[in-house]
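These notes concern the structure reproduced below.
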Amino acid sequence: MTRTLASALAGRVAGPVFLPGQDGFEEELTGFNLAVRHRPDVIVGAREAGDVAAAVEAAVAHGLPVAVQSAGHGFSVPATGGVLISTRRMTGVQVDPETRTARVAAGARLGQVIAEAAPYGLAPLNGSAPHVGVVSYVLGGGLALLGRSHGWAADRVLALDVVTADGRARRVTPDSEPDLYWALVGGRDNVGVVTALEFGLVEVSRLYGGGLFFDARLAPGALEAYREWTAGVPAEMNSSLALIPGPDGRLCHVRIAYTGPAEEGERLVEPLRRVGPRVLETLREMPYAECASIHDDPPTPMPWGADNAMLRELDEKAAGIILAHAGPEVIVELRHLGGALAAPPAHPNAVGHRDAAFMLAVLTMDGRPAPAEVFRELEPWTLGRFLSFMGHGEAAGPELVRTAYPAAHHARLAVIKAVYDPGNVFRFNYNVAPAS
């Protein structure tokens, strides 16, 4: 059946079609996270939206599920069998400086948008790494580097081009199809495959940012100082703290992205300098186009695992639990939320847990699941999960996905899923089952 399907698709799509064992098959299914290995029956290397529609239509006709291999990071449940649509060839980016908007194809990366928008003094609400795919990042919520200043990237979405399970290509806006818009923005690809995205940009051309690196022996004092410091900083101050492995031992890395004047940023950061001597300090005024240097996330694919918790607060006891589990085998990161991230969106969407004060992420560097003990102990402080930093494989099953949403959000997603994908064709990538 798969050879018949592949032959039929080869005559309908502009991009390549791969079967297991063929040259290019393994390369095509390999994403950024090497711990996630899809094993589909057929891969469609989509070049345009029509290829996506043809792939979905053919898969449904043959009773097969559909998964998406998007650009950049992208955790997911590995797809076993079915049709895998690879969007990495769909890389178009258009920036309109007059309307301060961008339109991107499904395989574009945030670094492309940063580069295209920078000459106009504009920027997307990108995250810490520019090599992340735009569509999966935004549809998962989009926890932005400047989130406290400007909110969730998802809240800037103006329109989406999407192929639903019936093979129909739709243009979705908050007004044209509000339920489908709501479910896509924050619900990932549960109800369709997005082929293009339009969103608003923000006016920002520079910032005061960089990092303070402390020896890990200062981590307890640094975390306590950071916890107290975040309680009083303005929304223009965006920051995170991570315990990371370094070439000469573990480091405590405080990241800063301040949108106000550099001299004010210097004054605001001063209490953190009192923690002790820095191994390295990189704080400076910089063009926004250089914002990736703040976190300096590695661009090389690797196996990794993760889990996270959206914390309602970070008191002394919760901080102690986090420190107790910050072993040498993991990266532990706290991102300060609040500010504009807590504001309701102009157009309602599925992004949940807006009242969280911090997001805690724990990552492994070898693909193993993140240690569960820290999350069990932090349950009294936990509102739920953040979709885009969730684990992969069986660990990211329906019950864990449920925690990414308030109960009412999850129930609404299931109802909308039943309308647009009653057969659960899109059953990978943080699946929400259709309501019965």
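With sequence neighbours excluded, no residue satisfies side chain to side chain donor-acceptor pair (under 3.5 Å) with Ser293. Under the salt bridge (Lys or Arg N to Asp or Glu O under 4.0 Å) criterion, Asp179 pairs with Arg412, sequence neighbours left out. With sequence neighbours excluded, the residues that form a side chain to side chain donor-acceptor pair (under 3.5 Å) with Glu281 are Arg273, Arg278. For Thr259, there are no side chain to side chain donor-acceptor pair (under 3.5 Å) partners, not counting sequence neighbours. With sequence neighbours excluded, the residues satisfying salt bridge (Lys or Arg N to Asp or Glu O under 4.0 Å) with Asp166 are Arg170. Every residue meeting the ring pair (Phe, Tyr, Trp, His ring centres under 6.0 Å) condition with His336, not counting sequence neighbours, appears here in chain and number order: Phe358. By the salt bridge (Lys or Arg N to Asp or Glu O under 4.0 Å) test, Asp51 pairs with no residue at all, sequence neighbours left out. In this view, His409 and Trp182 satisfy the ring pair (Phe, Tyr, Trp, His ring centres under 6.0 Å) rule, not counting sequence neighbours. Applying the ring pair (Phe, Tyr, Trp, His ring centres under 6.0 Å) rule to Tyr120 yields no partners; only residues at least two apart in sequence or on another chain are considered. Applying the side chain to side chain donor-acceptor pair (under 3.5 Å) criterion to Asp296, with sequence neighbours excluded, gives no partner residue. Checked against ring pair (Phe, Tyr, Trp, His ring centres under 6.0 Å), His150 has no partners two or more places apart in sequence or in another chain.
Within the 4.5 Å cutoff, the side chain of Ile43 has heavy atoms near those of the Phe25 side chain. A heavy-atom distance below 4.5 Å is found between the side chains of Ile256 and Val269. When side chains are defined from C-beta on, Val138 counts as touching Val157, because their heavy atoms get closer than 4.5 Å. Considering only heavy atoms from C-beta on, Trp381 stays 4.5 Å or farther from Leu314 through its side chain. Residues Ser136 and Arg188 have side chains in contact (heavy-atom distance under 4.5 Å, counting atoms from C-beta outward). Residues Trp229 and Leu272 form a side-chain contact, since some pair of their non-hydrogen atoms from C-beta on lies under 4.5 Å apart. Side-chain contact between Val135 and Thr87 is absent, with no heavy-atom pair separated by less than 4.5 Å.
Annotation: Phe386 is in aromatic contact with Trp152 [ring centroid separation under 6.0 Å]. Between Phe32 and His131, the distance separating the two ring centers is shorter than 6.0 angstrom.
The closest donor-acceptor contact from the side chain of Thr173 to the backbone of Asp175 lies under 3.5 Å. The closest donor-acceptor contact from the side chain of Lys417 to the backbone of Asn190 lies under 3.5 Å. Formation of a donor-acceptor pair under 3.5 Å by the Tyr226 side chain with backbone atoms of Ser239 is found in this model. The backbone N or O of Val425 lies less than 3.5 Å from a partner atom in the side chain of Asp421, making a donor-acceptor pair. With Tyr258 contributing its side chain and Gly209 its backbone, the two residues share no donor-acceptor pair below 3.5 Å. Side chain of Thr364 to main chain of Ala370: no donor-acceptor pair is present (N/O by atom type, distance under 3.5 Å, no hydrogens or angles). Of the possible polar contacts, one joining the Arg427 side chain to the Asn424 backbone as a donor-acceptor pair under 3.5 Å is found. Put simply, the side chain of Thr382 never gets that close to the backbone of Met310: no donor and acceptor are under 3.5 Å apart.
Rounded to the nearest 0.5 Å, atoms CG (Leu413) and CZ (Arg402) are 11.0 Å apart. Here CG of Leu139 is found 9.0 Å from OG of Ser388. Values are rounded to the nearest 0.5 Å. Note that CG of Leu180 is 8.0 Å distant from CG of Leu160, once rounded to the nearest 0.5 Å. Rounded to the nearest 0.5 angstrom, Leu387 CG and Leu143 CG are separated by 12.0 Å. Separating the CG atom in Asp355 from the CG atom in Leu383 is a distance of 5.0 Å, to the nearest 0.5 Å. Note that the CZ atom of Arg88 and the CZ atom of Arg47 stand 12.0 Å from one another [nearest 0.5 Å].
Classification of Glu379 and Arg312 as a salt-bridged pair fails, no side-chain N sitting under 4.0 Å from a carboxylate O. Ion pairing of Glu26 with Arg37 is present here, as a side-chain N (NZ or NE/NH1/NH2) and a carboxylate O approach within less than 4.0 Å. The pair Glu329-Arg250 does not count as a salt bridge, with every side-chain nitrogen at least 4.0 angstrom from each carboxylate oxygen. A salt bridge is defined here as a Lys NZ or Arg NE, NH1 or NH2 lying under 4.0 Å from an Asp or Glu carboxylate O, and Arg227 with Glu313 fails to meet this definition. Residues Glu333 and Arg335 are paired through a salt bridge, judged by an N-O separation under 4.0 Å between the basic side chain and the carboxylate.
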Which side-chain N or O atoms in residues 339-352 pair as donor and acceptor under 3.5 Å with protein atoms at least two apart or in another chain?
residue	atom	partner	partner atom	Å
Asn349	OD1	Val351	N	3.1
Asn349	OD1	Arg354	NH2	3.0
Asn349	ND2	Asp155	OD1	2.8

Report the C-alpha separation of Tyr405 and His353 in whole Å, then their side-chain angles, then the decisive distance to 0.1 Å, and conclude whether the ring-ring contact (aromatic ring centres under 6.0 Å, His included) test is met. CA-CA 7 Å; Tyr405 305 99; His353 306 312; 7.8 Å; no
For Arg89 and Glu28, what are the C-alpha separation, side-chain angles and deciding distance, and is it a salt bridge (Lys or Arg N to Asp or Glu O under 4.0 Å)? CA-CA 11 Å; Arg89 294 168 180 79; Glu28 195 69 29; 2.6 Å; yes
As a quick check of understanding, evaluate side-chain hydrogen bond (donor to acceptor under 3.5 Å, both in side chains) for Asn238 and Ser149, giving each step before the final call. CA-CA 7 Å; Asn238 304 269; Ser149 302; 2.9 Å; yes
With salt bridge (Lys or Arg N to Asp or Glu O under 4.0 Å) as the test, would you mind laying out the steps for Glu57 and Arg168 before giving the verdict? CA-CA 8 Å; Glu57 189 177 85; Arg168 178 181 166 189; over 6 Å; no
Stepwise salt bridge (Lys or Arg N to Asp or Glu O under 4.0 Å) check, Arg156 with Glu198: CA-CA 9 Å; Arg156 301 274 168 166; Glu198 296 175 21; over 6 Å; no
For the pair Thr101 and Asp96, evaluate side-chain hydrogen bond (donor to acceptor under 3.5 Å, both in side chains) and give the outcome as yes or no after the intermediate values. CA-CA 5 Å; Thr101 60; Asp96 186 335; 4.8 Å; no
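Side-chain contact check for Asp161 and Thr195: no donor-acceptor pair (N or O, by modelled atom type) lies under 3.5 Å. Side-chain contact, His38 with Gln69: a donor N or O sits under 3.5 Å from an acceptor N or O. Side-chain atoms of Arg255 and His295 form a donor-acceptor pair, as typed in the model, at a separation below 3.5 Å. With 3.5 Å as the limit, one finds no donor-acceptor pair spanning the side chains of Arg109 and Thr91.
A cation-pi arrangement, defined by a distance under 6.0 Å to the six-membered ring centre and an angle within 45 degrees of its axis, is present between Arg385 and Phe375.
For Arg103, the CZ atom sits in a packed shell: over 12 heavy atoms of surrounding residues, nucleotides or ligands are nearer than 6.0 Å.
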